[in-house]
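Have a look at the structure below before the remarks.
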2 protein chains.
Amino acid sequence: MSQNRFTPETTRLDDAARAGWLYYVAGNTQDEIARKMGVSRQTAQRLVAMALAERLVKVRLDHPIGRCMDLAAALRDRFGLITCEVAPSDPEAPDLLTGIAIAAAAELERVLKSPERRIVSLGTGRNLRATVEQLPRMACPQHVVVSRLGNMMQDGSATPYNATIRLAERIGAPHFPYPLPVLARDAQELAAMQQQQAARNTIRLCAEADLSLVGIGQMDMTAPLHVDGFLSTAEMEELARAGAVGEITSWVYDAQGRIIDCAFNHRVASAPLPRAGDRPVIAVASGQAKLPAIRAALNGRLINGLVTSEATAERLLA
Amino acid sequence: MSQNRFTPETTRLDDAARAGWLYYVAGNTQDEIARKMGVSRQTAQRLVAMALAERLVKVRLDHPIGRCMDLAAALRDRFGLITCEVAPSDPEAPDLLTGIAIAAAAELERVLKSPERRIVSLGTGRNLRATVEQLPRMACPQHVVVSRLGNMMQDGSATPYNATIRLAERIGAPHFPYPLPVLARDAQELAAMQQQQAARNTIRLCAEADLSLVGIGQMDMTAPLHVDGFLSTAEMEELARAGAVGEITSWVYDAQGRIIDCAFNHRVASAPLPRAGDRPVIAVASGQAKLPAIRAALNGRLINGLVTSEATAERLLA
DNA sequence: CCTTCCGATGGGCATATACTCATCCGCCGG
DNA sequence: CCGGCGGATGAGTATATGCCCATCGGAAGG
């Protein structure tokens with residue numbers, strides 16, 4: 001078909017549209033298209049590619065998951081994330097944990113399937129606990145599970161939501177609880193604690209973790225740190241004045257995602273936050289209340305992966 | 001990823017949606033999808049196929065031609081056509097000939113490109129004439145062009161719009177003009193005419209035609225048969241009373257596409273209409289005025305191919 | 001009229017995709 | 001507890017697709 005009988009541009013685009021239609025809508029093979037349009041197969045291929053390049057074909061996914069993946073892609077783009085999963089929100093309960101727990105579990109499971117030894121470090125929190133609950137039982141003795149922070153309060157009692165032990169049990173992997181409490185009394189005590197062999201070993205493992213899953217805590221009266229009794233109301237208010245908007249494994253940061261240089265952070269005994277480089281540091285967090293904390297963590301590149309809900313993702317991008 | 005932890009149907013469909021999204025929207029290869037989703041390549045392929053089968057992915061073509069091809073596909077479906085082309089209508093002049101002439105010429109060209117001998121039979125009319133004008137010059141001595149009806153009026157003068165000669169000249173093929181006039185005086189004269197060797201030979205060629213291109217005539221005061229003087233106003237009115245809505249190569253038919261058993265048809269000297277079986281009998285017709293005639297021809301399976309305008313296609317499907 | 005250049009073309013090949021088949025796993029009835 | 005059944009899986013393979021490159025032909029400029 002001689003394109004030059006008419007305006008070549010138009011006709012060529014028309015042909016591209018035809019080819020695109022035949023390929024994507026009618027499901028023809030490029031060979032059939034070539035025959036039907038009277039051109040060579042290669043030309044048909046070029047036309048189909050052109051239809052794609054010229055954005056003539058628009059693909060839409062008619063499934064809740066489609067919107068989620070759009071949001072996830074947007075978040076990845078915007079915040080330079082290695083990985084991002086957005087779970088469909090149930091309109092009835094937009095911030096239900098189950099969805100994101102399943103999504104996060106899928107991420108985790110992917111890593112655990114590796115036959116190579118992997119070090120997985122975990123924070124704490126309801127989200128992570130729920131995530132681990134969603135994992136199927138697997139036999140993964142080759143991996144190592146390590147906690148990034150203590151589960152002891154200063155009085156020696158345990159915090160709830162311990163994900164590390166649960167995960168280790170579930171997959172039959174050796175695990176390293178964090179051998180220090182969440183907080184030291186002061187910087188001096190902290191320094192002493194960190195000299196312990198077990199602490200140094202565990203902190204090193206955390207630094208080498210192939211995958212880190214953490215929660216994100218908000219900084220209001222519903223803050224996990226406050227609810228669990230690590231932060232008095234007075235301390236909370238002081239931190240808020242210093243600009244605190246969120247915390248990850250107890251490290252408190254401001255709206256730009258910078259760890260605040262304050263008395264509280266000098267007492268935090270948790271493993272240092274991994275520099276979110278090439279190894280995934282994935283936050284599992286959602287909910288209106290955590291929004292500023294999540295946004296700050298993303299802005300400050302404290303994390304390079306996020307698993308969240310559709311509703312939260314939308315608000316993050318707004 | 002064990003689907004059986006949750007409702008298997010849902011999860012599988014979700015996975016299909018993810019896979020579809022990754023494939024069609026994100027442009028991943030199935031191998032990448034397999035890695036990202038932690039499944040085998042084959043499973044990824046199945047998921048993509050499922051997303052397609054379950055109609056999760058909707059492809060839309062953002063180009064005027066897209067609408068045309070949708071209409072063409074709908075017409076093919078609805079009327080069991082072998083081939084159907086819908087040319088974009090210029091909103092300024094919805095029934096302009098050029099568009100459909102180009103489209104029809106493309107159809108014709110496709111057949112002419114064959115190195116095998118093809119018999120192409122033609123009707124008459126502005127549409128066919130315009131179609132032939134759109135053909136590029138080609139050297140096709142292997143083909144044969146034959147006319148399905150005469151171009152002589154009863155007084156021996158020629159009708160306009162002779163497409164056969166023009167086509168034969170353009171492609172350098174041997175051609176067979178129709179050796180009889182359009183109409184005989186009566187059935188008896190007709191029978192005598194058809195005994196002629198030339199007539200029998202030409203009619204046989206028409207019956208064997210590999211491609212037949214015909215126009216469709218309406219049955220009102222603008223009817224080609226009337227304008228060209230073959231049908232008096234009185235005869236027209238009588239045929240209309242008998243239910244005539246259109247004609248193809250002078251054979252007059254009713255709204256169901258049945259050739260009417262009437263005096264006029266008993267005088268028609270044109271080659272019998274080919275039974276629209278597997279060999280293409282393509283009508284080139286468009287325009288509000290021809291709508292009932294086209295619809296009837298489609299309903300009666302007098303044709304198995306149609307080239308028309310976007311506007312006409314829409315009305316045919318309405 | 002000839003030369004040069006650019007885009008289009010089709011052959012050939014590496015890769016990706018679709019399909020078939022044997023097998024496996026979990027479920028169910030005996 | 002066992003055997004049969006149906007869907008899911010992975011290996012293998014035929015087919016389709018994407019890409020590189022040599023070549024061609026028409027347009028612009030000398």
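- One finds no salt bridge joining B:Glu32 and B:Arg41 here, because no Lys/Arg side-chain nitrogen approaches an Asp/Glu carboxylate oxygen to under 4.0 Å.
- Axis angle between the ends of the helix from C:dC1-D:dG30 to C:dG30-D:dC1, five pairs each and rounded to 10 degrees, works out to 30°.
- Every residue two or more places apart in sequence or in another chain that forms a side-chain hydrogen bond (donor to acceptor under 3.5 Å, both in side chains) with A:Glu107 is listed here: A:Thr83, A:Arg110.
- Residue B:Met50 contributes atom CE, which lies 16 Å from atom C1' of C:dC19 at whole-angstrom precision.
- Contacts classified as salt bridge (Lys or Arg N to Asp or Glu O under 4.0 Å) and involving residues 21-30 of chain A (residues at least two apart or in different chains) are not found.
- For B:Glu314, the salt bridge (Lys or Arg N to Asp or Glu O under 4.0 Å) criterion is met by B:Arg67, not counting sequence neighbours.
- Within the structure, no pair that satisfies the salt bridge (Lys or Arg N to Asp or Glu O under 4.0 Å) test touches residues 20-31 of chain A, not counting sequence neighbours.
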Item to complete: Spell out protein contact along nucleotides 10-22 of chain D as letters: B when the base is contacted, S when just the sugar-phosphate is, - when no protein heavy atom is under 4.0 Å; keep the 5' to 3' order.
Response: BB-----BBBB--
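- A:Arg118 is linked by a salt bridge (Lys or Arg N to Asp or Glu O under 4.0 Å) to nothing, counting only residues two or more places apart in sequence or in another chain.
- With sequence neighbours left out, A:Glu208 forms a salt bridge (Lys or Arg N to Asp or Glu O under 4.0 Å) with A:Arg204.
- Partners of B:Glu133 under the salt bridge (Lys or Arg N to Asp or Glu O under 4.0 Å) rule, at least two apart in sequence or in another chain, are B:Arg129, B:Arg166, B:Arg170.
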